[in-house]
Amino acid sequence: MIIEDMARGLAQVPGVVGVLLGGSRARGEHRPESDWDLGVYYRGELDVAALRALAGPGVDVAAPGGWGPWVNGGAWLRVGGAAVDWILRDLDRVERVWADCCEGRYEVGVQAGHPLGFWSPCYAGEVALGQVLADPGGELTGLRRRTARYPEKLREALTAGAWEAEFLAGAAAKGAARADVLHVSLCLSRAVGVLVQALYAADRRWCLNEKGALAVAETLPTAPPDFGSRVRSVLRRPGDTPEALSATVTRARALIQETLTLLRTPTE
């Protein structure tokens, strides 16, 4: 298979430890046109020149740091008409993030392409949900085995962090009084994102990014009835007058409170 051959070639690049298939194709949720996402896990000094030679002419390979602090480099290729993404991952950093997750620590960083921020547990989730394609030293396989069980301390931290949604709704209420559509929309969008992360965590499920997250979150057992449709109603058209914006914020706050109550309800 072309992708497996590519993974084996990547694993031979100096600095590369292993290659993982991620995204919808790893989870069996892909469509025919879906990209192939290859996580290229490296340690120390990465031979970017060798990566560029492997990618071939006309492909821009971004070295570590070229794309930002979290999704820090890689390349976009076309192979046999299919889109293939190389996504660089510093394995030592992934291991540190995993250790933090086990202790209930996480952070949210600014990253291009992630409008609600990059949530650090994504690193561990990618390994847990991915498929190892090349792993000469067995390190990715070992880490995948460890991440198979969702850390309870991370679950507690992310569900406890849902308080931010109500704080954001309060800020949105102030923006509504000024008819500040941008501020209100951003506050409510992030509030929903915080709730979605908490709902995933409550179900001991890894949330990798915003794409498709609401569609999954609304099916989870802790989500309030009609969570998805209520979120869509809030975000679809918040309004542009103080009265309309305030009404939207009121509906959002009701949903937030209902969600927080369910998240705080003890489960077996």
Side-chain angles (χ1 to χ4, degrees), residues 69-70 100-101 103-122 152-267:
W70 287 95
D100 284 343
C101 288
E103 293 301 319
R105 298 188 297 267
Y106 67 93
E107 58 183 298
V108 184
V110 174
Q111 173 62 50
H114 288 260
L116 292 175
F118 188 97
W119 295 64
S120 61
C122 170
E152 283 302 304
K153 289 184 178 180
L154 179 63
R155 179 177 184 266
E156 293 168 2
L158 284 169
T159 53
W163 68 268
E164 186 189 355
E166 173 54 31
F167 180 83
L168 287 161
K174 295 178 181 178
R178 302 188 302 270
D180 192 334
V181 177
L182 176 61
H183 186 233
V184 171
S185 297
L186 289 173
C187 285
L188 296 184
S189 293
R190 180 165 175 81
V192 169
V194 169
L195 293 181
V196 166
Q197 287 281 349
L199 290 170
Y200 267 74
D203 198 46
R204 299 175 178 86
R205 184 184 294 244
W206 296 104
C207 184
L208 302 187
N209 54 51
E210 306 92 342
K211 291 185 293 185
L214 176 60
V216 173
E218 66 181 320
T219 69
L220 299 179
T222 311
D226 302 319
F227 179 78
S229 60
R230 292 163 73 183
V231 166
R232 294 182 188 96
S233 175
V234 164
L235 298 182
R236 184 178 297 117
R237 188 170 180 176
D240 55 9
T241 65
E243 296 76 18
L245 288 166
S246 294
T248 297
V249 172
T250 297
R251 287 187 286 121
R253 294 186 98 159
L255 179 59
I256 289 168
Q257 284 302 322
E258 192 173 337
T259 307
L260 291 177
T261 298
L262 290 170
L263 286 169
R264 292 165 182 159
T265 302
T267 57

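It should be emphasised that the depicted structure is a prediction, and the values quoted were computed from it without experimental measurement.
Between the side chain of D203 and the main chain of R205, no donor-acceptor pair closer than 3.5 Å is present. When atom types are taken as modelled, the side chain of D180 and the backbone of H183 share a donor-acceptor pair closer than 3.5 angstrom. Side-chain atoms of R155 never come within 3.5 Å of backbone atoms of R204 as a donor-acceptor pair (strictly under, hydrogens ignored). Panel note: side chain Q111, backbone W70; a donor-acceptor pair is recorded below 3.5 Å.
Within the 4.5 Å cutoff, no side-chain heavy atoms of F118 are placed close to those of V110. Side-chain contact between P121 and Q197 is absent, with no heavy atoms from C-beta onward closer than 4.5 Å.
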Discussion item. Under the criterion side chain to side chain contact (heavy atoms under 4.5 Å, CB included), I'd like the reasoning laid out for V231 against L255: C-alpha separation, chi angles, the key distance, then a yes or no.
Written reply: CA-CA 8 Å; V231 166; L255 179 59; 3.7 Å; yes
Discussion item. Using side chain to side chain contact (heavy atoms under 4.5 Å, CB included), reason through L158 and Y106 one step at a time and then give a plain yes or no.
Written reply: CA-CA 8 Å; L158 284 169; Y106 67 93; 3.6 Å; yes
Worksheet entry | Test log, rule side chain to side chain contact (heavy atoms under 4.5 Å, CB included), inputs L208 and Y200 | CA-CA 10 Å; L208 302 187; Y200 267 74; over 6 Å; no
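Residues passing the side chain to side chain donor-acceptor pair (under 3.5 Å) test with E210: none are found, sequence neighbours excluded.
Remark: F227 CZ to T222 OG1 distance equals 11.0 Å, nearest 0.5 Å. Note that CZ of R105 is 10.0 Å distant from OG of S120, once rounded to the nearest 0.5 Å. Going from atom OG1 of T241 over to atom CD of E243 covers 4.5 Å, rounded to the nearest 0.5 Å. W119 contributes atom CH2, which lies 13.0 Å from atom NE2 of H114 (distance to the nearest 0.5 angstrom). With rounding to the nearest 0.5 angstrom, the CG atom of L195 is 12.0 Å from the OG1 atom of T159. Atom CG of L214 is separated from atom OG1 of T219 by 10.0 Å, given to the nearest 0.5 angstrom.
Of all the heavy atoms in A217 and A223, the pair that sits closest is O-CB, 3.4 Å. Contact detail for E258 and P225: the closest heavy-atom pair is OE2-CD, 3.6 Å.
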Got a list of side-chain donor-acceptor pairs under 3.5 Å for residues 186-194, not counting sequence neighbours?
unit_1: S189; atom_1: OG; unit_2: S185; atom_2: O; d: 2.9
unit_1: R190; atom_1: NE; unit_2: E164; atom_2: OE2; d: 3.0
unit_1: R190; atom_1: NH1; unit_2: L116; atom_2: O; d: 3.2

N/O donor-acceptor pairs under 3.5 Å from side chains in residues 166-174, not counting sequence neighbours:
unit_1: E166; atom_1: OE1; unit_2: Q257; atom_2: NE2; d: 3.1
unit_1: E166; atom_1: OE2; unit_2: R253; atom_2: NE; d: 3.2
unit_1: E166; atom_1: OE2; unit_2: R253; atom_2: NH2; d: 2.7

